[in-house]
Amino acid sequence: MQTALADFLKDTPQGREAQDILRSCVHCGFCLPACPTYQLLGDELDSPRGRIYLMKQLLEGEPVTERTQLHLDRCLTCRACESACPSGVQYGRLLDIGRALTEERVRRTPGAVLTRYLLRTIVPHTRRARALLGLARVVRPFLPSALKARLPGARQASAGSWPVARHTRRVVLLEGCVQPAVAGGINPAAARLLDSVGISAVRAGGCGCCGMLQHHLTDHAAARQAMRHNVDALWPHVEAGAEAVVFTASACASMVSDYGRLLQDDPQYAARAARIGAIAKDISQVLAAESAALAAVLDSAPGVRVAFQAPCSLQHALQVRGVVESLLSRAGFTLTAVADGQRCCGSAGTYSILQPELSGQLLRSKVSALEAGEPHVIATANVGCLMHLRSGTSLPVCHWVELLAPRLAGG
Ligand code: SF4
Ligand code: SF4
């Protein structure tokens, strides 16, 4: 796609990157059927190709309007279009640039500004998220039913023990910001599985949010601050020989694996960020490499039927496909068929709050696909999807490591 960049973007790194991405798009439209918003709305401007056109206009200096912002806001950042694109168009990177430029040029309503501010300043902080959850539970009877359904119960199952670090092989596990407040059993379960295959998981003390939430809300300065903070907190573990930085939330794994690119222009952090990004892994990637050892220490799970929902961050951003399913099958679980498995569930970070109608439609269609095979339980690999799916089904929804950990011999 030929592009004549506006003067304010010429000779800037983001202008050059955007131009390269735009040039790689050949307008073929193969991405359209993969796009959930295009499937729902049928409008080319709510498809990847249509949004690319809108961003091209913006980059060429044409006027930017609320209409541009609306169609970019409706994008889930699921990156299913990248998986479908035969030309390797890096749509997600272009969207980051397009959204940031739009945000500078189109004013939001005061209500939207406040909502986005609250999301940026509360959700990525575990203590603030806990306090907000506590308050929401108190006023639960007065909340709208959609919001009520999303609230996790006050009593969570026991988190379970975290094994003492006893192995030479070590990884550092970043616990996440929201997850400890809403699903505290996931990380200890992952640590026990790693321990069972001879790898000690050390908690990444001092780390905060990976920065994804701020990044997607186009607060790039706050996202970079969060990234630098985590690089400082993780680096001593890397220097001490941690072989991987591990996550049980695939969205965080995908964000941190991109730290090298996102901090490449920061001379103080670029090298360390690149090293951390290179060893950032979803827990499935680590356990897949140890699958034989894992199978040897797991009891089988006869008769348990599982529907697995692959988060977009796992299958599209990290390009990890079929790995969790294989680990579950090998452990004796029966995987039920899930139609349209590449399609987003509608959680997408803060999307379920900012675009509730589209998110709700995607949730209903995802739940019906997951329930079609009559599973006993739904499993996923990302806490945002987990909370979102729980709001739409009466079936139990858990992280897949919570299915495997109780099967550890003696566990
Ligand atoms: S599939 Fe790729 S090359 Fe084709 S229109 Fe979509 S983004 Fe462009
Ligand atoms: S990221 Fe997802 S919602 Fe956005 S254009 Fe691509 S496929 Fe569509």
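Owing to the predicted nature of the structure, the values given are computational and were not obtained by experimental measurement. Numbering of ligands and ligand atoms starts at 1, following listing order. Residue numbers count from 1 along this sequence.
With sequence neighbours excluded, the residues that form a side-chain contact (heavy atoms from CB on, under 4.5 Å) with K56 are M1, T3, L22, E60. P110 pairs by the side-chain contact (heavy atoms from CB on, under 4.5 Å) definition with nothing, not counting sequence neighbours. Contacts of R99 classified as salt bridge (charged side-chain N to carboxylate O under 4.0 Å, His left out), with partners at least two apart in sequence or in another chain: none.
Among all non-hydrogen protein atoms, the one lying nearest atom 2 (Fe) of ligand 1 is C85 SG, 2.3 Å. Nearest protein neighbour of atom 3 (S) of ligand 1, counting heavy atoms only, is V26 N, 3.3 Å. In terms of protein heavy-atom proximity, atom 8 (Fe) of ligand 1 is closest to C25 SG, 2.4 Å. Looking only at heavy atoms of the protein, atom 6 (Fe) of ligand 1 is closest to C31 SG, 2.3 Å.
Cation-pi geometry between R105 and F8 is satisfied (NZ or CZ under 6.0 Å from the ring centre, within 45° of the ring normal). In this structure, R203 is positioned above the aromatic face of W162, its NZ or CZ under 6.0 Å from the six-membered ring centre and within 45° of the axis. In this structure, R120 is not positioned above the aromatic face of Y117 in the sense of NZ or CZ being under 6.0 Å from the six-membered ring centre and within 45° of the axis.
Proximity to P86 (heavy-atom distance under 4.0 Å) selects the following atoms of ligand 1: 1 (S). Counting the atoms of ligand 1 from 1 in the order shown, those under 4.0 Å from a heavy atom of V89 are 2 (Fe), 3 (S), 7 (S). Every atom of ligand 1 is numbered from 1 in the order shown, and the set under 4.0 Å from a heavy atom of S87 is 3 (S). Shown in contact with I52 at under 4.0 Å from a heavy atom are these atoms of ligand 1, numbered in order with element: 7 (S). Applying the 4.0 Å criterion to heavy atoms of G29 picks out, from ligand 1, the atoms 4 (Fe), 5 (S).
Both the backbone and the side chain of C28 come within 4.0 Å of ligand 1, judged by heavy-atom distances.
Taking a 6.0 Å sphere around CD of E66, one finds it holds 12 or fewer heavy atoms contributed by other residues, nucleotides or ligands. The neighbour count for R169 CZ, taken as heavy atoms of other residues, nucleotides or ligands under 6.0 Å away, is above 12.
Between S313 and S250, the closest heavy-atom pair is OG-OG, 2.8 Å. Scanning both residues, K281 and A244, for their nearest heavy atoms gives CD-CB, 4.3 Å. Residues L395 and H376 share a closest heavy-atom pair of CD2-O, 4.0 Å.
Ligand 1 does not have L32 within reach: every non-hydrogen atom of the residue lies 4.0 Å or more from it. Heavy-atom distances between A84 and ligand 1 stay at or above 4.0 Å for every pair.
Between D46 and R51 a salt bridge is recorded (basic side-chain N to carboxylate O distance below 4.0 Å).
Listing protein N, O or S atoms at distances below 2.8 Å from atom 4 (Fe) of ligand 2, with waters left out, gives C75 SG.
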